[in-house]
Every structure is written in structure tokens, then in C-alpha cells.
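Here the structure is a predicted model, which means the values were calculated and not measured.
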Amino acid sequence: MKLTAITRLLIPAAAAVICGGCFTGIESTPRITGNDVRRLGALVSPEQELTATVVPEAPSAWTPGKRWLVADSRIAMIFTPSSVGTDLSKGDEIILAGTRNVATFSGKDGIEISFTGPEGQALYYRPDIAAADWDENPSLAIPFTVELSAVAIADSLMRGHTYYITTPLWYDADGKSTEGLRHVPVTVDSVIPGTERYPLCVAFTPPNELGNAPRYILMTYGTASWATRNFDRLFAFDDPRKAYPRITDKTWQNIIRSRIEEGMTRDECRLALGAPVSIDRGATRGFQMERWSYDNGVYLLFEDGILIRFRK
């Protein structure tokens with residue numbers, strides 16, 4: 001099984017769209033960090049519940065025949081010298097053959113995992129884990145791979161369903177960045193293997209105005225620190241437009257295209273650009289002031305909740 005062009009890319013984490021500065025004349029500026037902003041939505045949402053079952057399989061449950069997709073040819077570095085034919089390419093599959101206890105330099109038993117390569121190669125990997133801890137380990141990532149069982153679960157949950165997409169970071173079949181919209185309905189065609197960093201690649205049908213060619217976004221899963229682009233960060237079940245009936249059609253067209261303009265409210269800017277990394281608050285000349293800072297140092301400046309200045 002080979003990766004498509006989109007799944008061959010190691011796409012960096014999403015960057016925000018405006019750059020920064022500072023504002024002066026503030027009497028006090030209590031700071032809210034990005035963690036504080038995210039903590040406001042700490043309750044488990046229906047979107048979080050949907051993909052709660054997309055988790056790595058515990059090593060104690062692994063059985064021969066379990067498969068991983070090679071996401072990086074550097075995987076050859078992880079195999080022991082006794083392995084045969086370690087040259088693998090992106091898109092190759094390795095298949096679990098079994099595990100056994102092996103002696104280590106520390107004198108304690110370790111684990112050796114054996115795989116079969118696409119041409120029948122015998123491949124051996126020794127993770128840094130004691131044999132005594134094997135059954136208690138909740139997960140074990142094989143470096144430079146995508147665990148295909150998790151991809152299959154995500155595909156079974158999402159395929160054929162329509163959601164409102166909240167990220168404009170879309171890609172075409174060649175892995176090139178392409179025009180994306182926020183808060184518009186898209187139908188998931190499939191979930192296929194992504195990259196080591198973003199193991200799920202969601203293929204979907206965009207709105208008619210953007211043509212019929214499928215688009216892709218990369219997604220993470222689970223609760224690890226690297227899982228920063230899970231389903232709930234990228235999709236919503238309900239049409240967000242219904243929650244904001246007072247937003248004009250003109251402003252909503254700006255929002256879905258990630259555009260802002262002076263006079264927009266905080267809610268409108270958050271819908272258009274997402275949550276800021278940090279918020280500075282204070283008061284000056286009788287007005288309540290806020291500065292929203294995004295990645296790359298960009299900012300939005302609000303006066304009594306209305307956008308009065310911003311820098312892209």
C-alpha cells in the first residue's frame with residue numbers, strides 16, 4: 001500500500017495569520033495565556049466523544065498480522081543489525097510477526113518486536129521498555145510509522161458523514177496548500193494514513209463553489225502532548241451560523257474566509273481567526289482595552305469589545 005502525495009508531506013503545525021505588536025497607555029494588563037484560553041472549553045464536547053475510541057492499541061493486545069504504514073524511510077535506523085533488508089520506503093507496510101524477551105546490558109529482560117517487511121524481510125526492533133512492563137504499557141509508538149488500526153477506526157466513524165469544518169488549512173491531492181473556508185459543511189469521503197506527526201488524513205468533498213476535487217486535512221488523535229489537531233479542533237456537528245443570528249451575512253462571508261475588518265466584535269474575530277495565543281487586558285481613557293496576540297507576533301486591538309486596529 002502506497003501513500004498518496006498528500007500523505008507524503010510532513011506538514012508543520014498550523015500557524016496563525018497575523019503578526020504582532022503592542023499597545024501602550026494601559027493601566028493594568030493581566031495576561032491570559034493560551035492554556036487559559038483553551039481551559040475555558042475544558043468540558044468534554046460531543047466532538048471529543050466521537051473520536052474517543054480512536055486510540056493506539058495496547059501492546060499487550062497486539063497479535064501477529066497487525067500492520068503499520070511506513071511514513072519515513074529513516075525507519076531503517078530503528079532496526080537491530082540482525083534485521084534483513086531494512087531499506088524501506090514511504091508507503092511500505094510492516095506486519096507484526098511476534099514478540100519475545102531478550103537480555104539487555106542492564107541485566108533485565110527487554111522486549112524484541114519482530115516484523116515482516118513488504119518483501120518478506122525479517123525486521124527486529126527493541127524499544128526501551130522492560131519485559132516486566134510490557135503488559136502494563138497503554139501504548140507504544142513504532143517510530144516513523146502510522147498505526148493502521150487507528151486509521152481504520154477513524155474511517156469507520158467519519159466516512160460518509162457531514163460536519164462543519166473549522167480550519168482553513170486545506171491541501172490538494174498533490175499536498176499543496178489550497179483555498180480553505182471555515183464553518184462550512186463538508187462530507188468526509190474517507191480517512192487514510194497521514195504522516196508520523198499527523199497520522200490521520202481526512203479526505204472530504206468541499207462546497208460546490210470550490211470545485212469537485214477532493215481536499216485533505218491532517219489530524220491527530222488521542223491524548224498525548226502531540227495530539228494538537230484532534231477532531232474537536234477541526235470539525236463541529238452543528239452549524240455555527242445558527243448560534244450567531246445577529247451576525248450579518250456580509251460579516252459571515254468574511255468569517256468563513258478568515259478575514260477581519262475594523263468594527264467586528266470579539267466573537268466575530270474569534271470565529272474568523274480562532275482563539276488567540278494570549279490576551280492582554282487593561283483600561284485607558286475610560287475604555288476597556290484588549291490585545292489578542294496570535295502566533296508570529298500578530299495582534300488585534302479591541303476597544304470596549306470592538307476591533308479598532310489589527311496588524312497582519
Side-chain angles (χ1 to χ4, degrees), residues 1-17 47 50-51 54 67-75 87-94 118 142-222 226-237 253 255-259 273-274:
M1 178 177 178
K2 296 291 183 180
L3 289 170
T4 63
I6 180 66
T7 62
R8 292 178 184 276
L9 297 181
L10 287 175
I11 300 173
V17 292
E47 287 82 2
L50 175 71
T51 53
V54 184
R67 300 177 301 133
W68 288 260
L69 197 73
V70 175
D72 191 318
S73 58
R74 290 180 297 168
I75 193 173
D87 290 336
L88 300 173
S89 301
K90 293 179 183 179
D92 287 340
E93 285 189 13
I94 58 174
I142 305 300
F144 308 115
T145 70
V146 174
E147 188 174 342
L148 291 177
S149 60
V151 178
I153 295 172
D155 183 67
S156 68
L157 291 171
M158 297 177 62
R159 180 189 288 262
H161 293 280
T162 299
Y163 309 108
Y164 288 86
I165 194 166
T166 60
T167 176
L169 298 178
W170 299 6
Y171 298 88
D172 63 19
D174 294 324
K176 296 179 181 178
S177 177
T178 186
E179 179 184 10
L181 304 177
R182 295 177 184 264
H183 314 302
V184 295
V186 299
T187 299
V188 175
D189 299 321
S190 63
V191 180
I192 59 178
T195 68
E196 180 185 16
R197 186 174 182 181
Y198 303 108
L200 305 178
C201 180
V202 182
F204 59 90
T205 302
N208 290 335
E209 64 186 277
L210 298 181
N212 297 322
R215 299 290 193 272
Y216 303 83
I217 61 170
L218 295 180
M219 191 170 91
T220 56
Y221 64 87
W226 53 263
T228 57
R229 285 175 58 82
N230 285 6
F231 179 86
D232 60 290
R233 298 285 184 90
L234 306 175
F235 297 99
F237 291 145
Q253 288 303 309
I255 288 170
I256 66 175
R257 289 169 174 78
S258 301
R259 299 170 185 166
L273 301 180

Report task. Report yes if the side chains of Trp170 and Pro206 come closer than 4.5 Å at any heavy-atom pair, otherwise no. Result -> yes
Report summary line: For Arg257 and Leu181, the nearest pair of non-hydrogen atoms, with its separation, is CG-CD2, 3.8 Å
Query raised in the report: Considering all heavy atoms of both residues, which atom of Pro193 and which atom of Cys201 are nearest to each other, and what is their separation?
Result: O-CB, 3.8 Å
Requested in this report: Starting at CD1 of Ile256, measure out to CD1 of Ile165 and round the result to the nearest 0.5 Å.
Outcome: 12.5 Å
Query raised in the report: Which atom pair, heavy atoms only, marks the closest approach of Val184 to Pro207?
Result: CG2-CG, 3.8 Å
Query raised in the report: If we only count heavy atoms from C-beta on, is the Arg215 to Tyr171 side-chain gap below 4.5 Å?
Result: no
Query raised in the report: What's the spacing between Phe237 CZ and Tyr163 OH if we round to 0.5 Å?
Result: 6.0 Å
Report task. Could you give me the CA-CA distance, side-chain angles and deciding distance for Asp172 and Thr178, then say whether side-chain hydrogen bond (donor to acceptor under 3.5 Å, both in side chains) is met? Result -> CA-CA 6 Å; Asp172 63 19; Thr178 186; 5.4 Å; no
**Report entry** Check: Tyr221 and Thr51 side chains under 4.5 Å, non-hydrogen atoms
**Finding:** no
Requested in this report: Output the distance between atom CG (Leu234) and atom CG (Leu218), rounded to the nearest 0.5 Å.
Outcome: 9.5 Å
Requested in this report: Decide yes or no for Thr220 and Trp226: does some side-chain heavy atom of the first lie under 4.5 Å from some side-chain heavy atom of the second?
Outcome: yes
Query raised in the report: Does any non-hydrogen side-chain atom of Leu200 lie less than 4.5 Å from one of Val151?
Result: yes
Report task. Evaluate salt bridge (charged side-chain N to carboxylate O under 4.0 Å, His left out) for Lys176 paired with Asp174, printing each intermediate quantity in order. Result -> CA-CA 6 Å; Lys176 296 179 181 178; Asp174 294 324; 5.1 Å; no
Query - Pairwise side-chain contact, Ser89 with Val70, heavy-atom cut-off 4.5 Å (strictly under) - result: no
Report summary line: Between the OG1 atom in Thr145 and the CG atom in Asp92, the distance rounded to the nearest 0.5 Å is 12.5 Å
Query - Residue pair Ala227 / Asn230: nearest heavy atoms and the distance that separates them - result: CB-OD1, 3.5 Å
Query raised in the report: About how many Å separate CZ of Arg67 and CD of Glu93, when rounded to the nearest 0.5 Å?
Result: 4.5 Å
Query raised in the report: Pick one: which of Ile153, Ile192, Leu69 meets side-chain contact (heavy atoms from CB on, under 4.5 Å) with Leu148?
Result: Leu69
**Report entry** Nearest-0.5 Å distance that lies between atom CZ in Arg233 and atom CD in Glu47
**Finding:** 12.5 Å
Query - Non-hydrogen atoms of Ala71 and Val146 that approach each other most closely - result: CB-CG2, 4.2 Å
**Report entry** Minimum side-chain heavy-atom gap Leu169-Ile217 below 4.5 Å
**Finding:** no
Query - Shortest non-hydrogen contact from Met219 toward Met158 - result: CE-SD, 3.8 Å
Report summary line: Taken in chain and number order and not counting sequence neighbours, the residues that satisfy side chain to side chain contact (heavy atoms under 4.5 Å, CB included) with Asp155 are Arg159, Ser190, Val191
Requested in this report: Could you go through the side-chain contact (heavy atoms from CB on, under 4.5 Å) check for His183 and Tyr164 one step at a time?
Outcome: CA-CA 5 Å; His183 314 302; Tyr164 288 86; 5.6 Å; no
Query raised in the report: Phe235 versus Thr162: any side-chain heavy-atom pair under 4.5 Å?
Result: no
Report task. For Thr167 and Arg182, run side-chain hydrogen bond (donor to acceptor under 3.5 Å, both in side chains): C-alpha distance rounded to whole Å, both residues' side-chain angles, the deciding distance at 0.1 Å, then the answer. Result -> CA-CA 5 Å; Thr167 176; Arg182 295 177 184 264; 6.0 Å; no
